[in-house]
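Here is the structure we will look at.
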Amino acid sequence: MKFSAALLAAVAAITPALAVNYTVVVGADATGAPGLVFVPQTVTAAVGDFINFEFRGGNHTVTQSSFDNPCTQQFNTVTQQNGFTSPFMPFNAASGQIGVFTLEVTQTANPIWFFCARKPHCKGGMYGAINPPTTGERTFAAFAAKVPTAEEPGFGVTAPFTPGGTSSSGSGTGTGAAPTSTGTGGDNGASTLSARSGIVVALAGLAATLLF
């Protein structure tokens, strides 16, 4: 009995280490050339996995949207919460430093739709999804078909963006070897914040269950 209890405790302790880290490159294609892209555009992940958005070109955001409005930040009129968003995170080619925005997947029942909120990047191809359905009416192809071809809502070019009202996103700033950041989570899920590479970084673990 003691052995079984110890074994269960050991398994529980190592379970978080089994999470998978996925990388999505923001603003650069597979060759490293700048572009209006997320590479890859879709990710299939399990609960507890992490999606690391690495900003490697231009000046972009990762902002949560909804299936019906791919290029508009998600907003829930019941909870009065915005979907998550990163700050604008410009790539510094001279220093080689990159910004990283990380989502922890906290549910897989509903897909997480996202886009770059800088005009007109979304209609130019900067949109994507985590765990989009492969069948039915809400596939990634159906989501892409809803991307507007005319001017879409966005945050313009001002950086960094701070969401108005009550937000479920987190952001932080830092410089040097030990940057710091703070933030809170809303009803979307738990938030996890840290900073990397001594630049502005935001990380959030959000379930994205509001307007899917």
Side-chain angles (χ1 to χ4, degrees), residues 10-35 37-65 74 83-92 95-117 126-134 140 143 168-174 177-186 188-209 212:
V11 170
I14 66 173
T15 297
L18 301 179
V20 178
N21 281 276
Y22 295 92
T23 297
V24 175
V25 175
V26 182
D29 64 20
T31 69
V37 292
F38 289 102
V39 180
Q41 259 187 316
T42 64
V43 177
T44 300
V47 172
D49 290 347
F50 295 90
I51 316 299
N52 300 297
F53 292 89
E54 296 186 354
F55 293 75
R56 294 183 174 271
N59 187 13
H60 307 289
T61 76
V62 176
T63 303
Q64 185 180 7
S65 65
Q74 182 196 78
F84 65 76
T85 187
S86 73
F88 280 93
M89 301 179 75
F91 174 64
N92 188 332
S95 67
Q97 290 184 323
I98 60 172
V100 180
F101 179 83
T102 298
L103 294 177
E104 179 183 4
V105 178
T106 58
Q107 59 81 39
T108 56
N110 303 311
I112 301 172
W113 312 102
F114 60 86
F115 72 110
C116 173
M126 292 198 75
Y127 52 86
I130 301 168
N131 295 326
T134 56
F140 184 75
F143 170 71
S168 59
S169 66
S171 65
T173 60
T180 60
S181 61
T182 60
T184 59
N188 278 1
S191 293
T192 304
L193 301 178
S194 66
R196 304 177 186 174
S197 302
I199 58 176
V200 177
V201 175
L203 294 102
L206 302 169
T209 60
F212 52 88

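None of the values given here were measured: they were computed from a predicted structure.
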TODO: Say whether, by atom type as modelled, one donor and one acceptor occur between the side chain of T61 and the main chain of C116 under 3.5 angstrom.
DONE: no
Task: Distance-only donor-acceptor check, side chains T102 and N52, under 3.5 Å - done: yes
Open item on the list: For the CE atom of M126 and the NE2 atom of H60, what is their distance to the nearest 0.5 Å?
Closed with: 4.5 Å
Task: Minimal non-hydrogen separation, T23 against P40, with atom names - done: O-CD, 3.6 Å
TODO: Over all heavy atoms of both residues, which pair between A129 and W113 is shortest? Give the atoms and the distance, please.
DONE: CB-CE3, 3.4 Å
Open item on the list: Just so I know, are the side chains of P34 and F91 near enough to count as touching, which here means a heavy-atom distance under 4.5 Å?
Closed with: no
Open item on the list: Could you report the tightest heavy-atom contact between Q107 and V105, atom names first, then the distance?
Closed with: O-CG1, 3.4 Å
- [ ] Could you grab the distance from atom CE of M89 to atom CD of Q97, nearest 0.5 Å is fine?
- [x] 11.0 Å
Task: Partner of F114 under ring-ring contact (aromatic ring centres under 6.0 Å, His included), chosen from F143, F53, F84 - done: F53
TODO: Working to the nearest 0.5 Å, report the span between CG of D49 and OG1 of T44.
DONE: 10.5 Å
- [ ] Answer yes if the ring centres of F115 and F38 are under 6.0 angstrom apart, and no otherwise.
- [x] no
Task: Residue pair P111 / I130, side-chain heavy-atom distance below 4.5 Å - done: no
Open item on the list: Could you check, using the six-membered ring where one of them is a Trp, whether F101 and F55 have ring centers closer than 6.0 angstrom?
Closed with: no
- [ ] Mind checking side chain to side chain donor-acceptor pair (under 3.5 Å) for S95 and listing every partner two or more places apart, or none if nothing turns up?
- [x] N92
Open item on the list: Which heavy atom of V26 sits nearest to which heavy atom of V62, and what is that distance?
Closed with: CG2-CG2, 4.2 Å
- [ ] Check the pair V39, V24 against side-chain contact (heavy atoms from CB on, under 4.5 Å), reporting the backbone distance first and the verdict last.
- [x] CA-CA 5 Å; V39 180; V24 175; 6.0 Å; no
Open item on the list: Looking at N131 and A45, would you say the former's side chain and the latter's main chain have a donor-acceptor pair under 3.5 Å?
Closed with: yes
Open item on the list: Could you measure the distance from the CD atom of Q64 to the CD1 atom of I112? Nearest 0.5 Å is fine.
Closed with: 7.0 Å
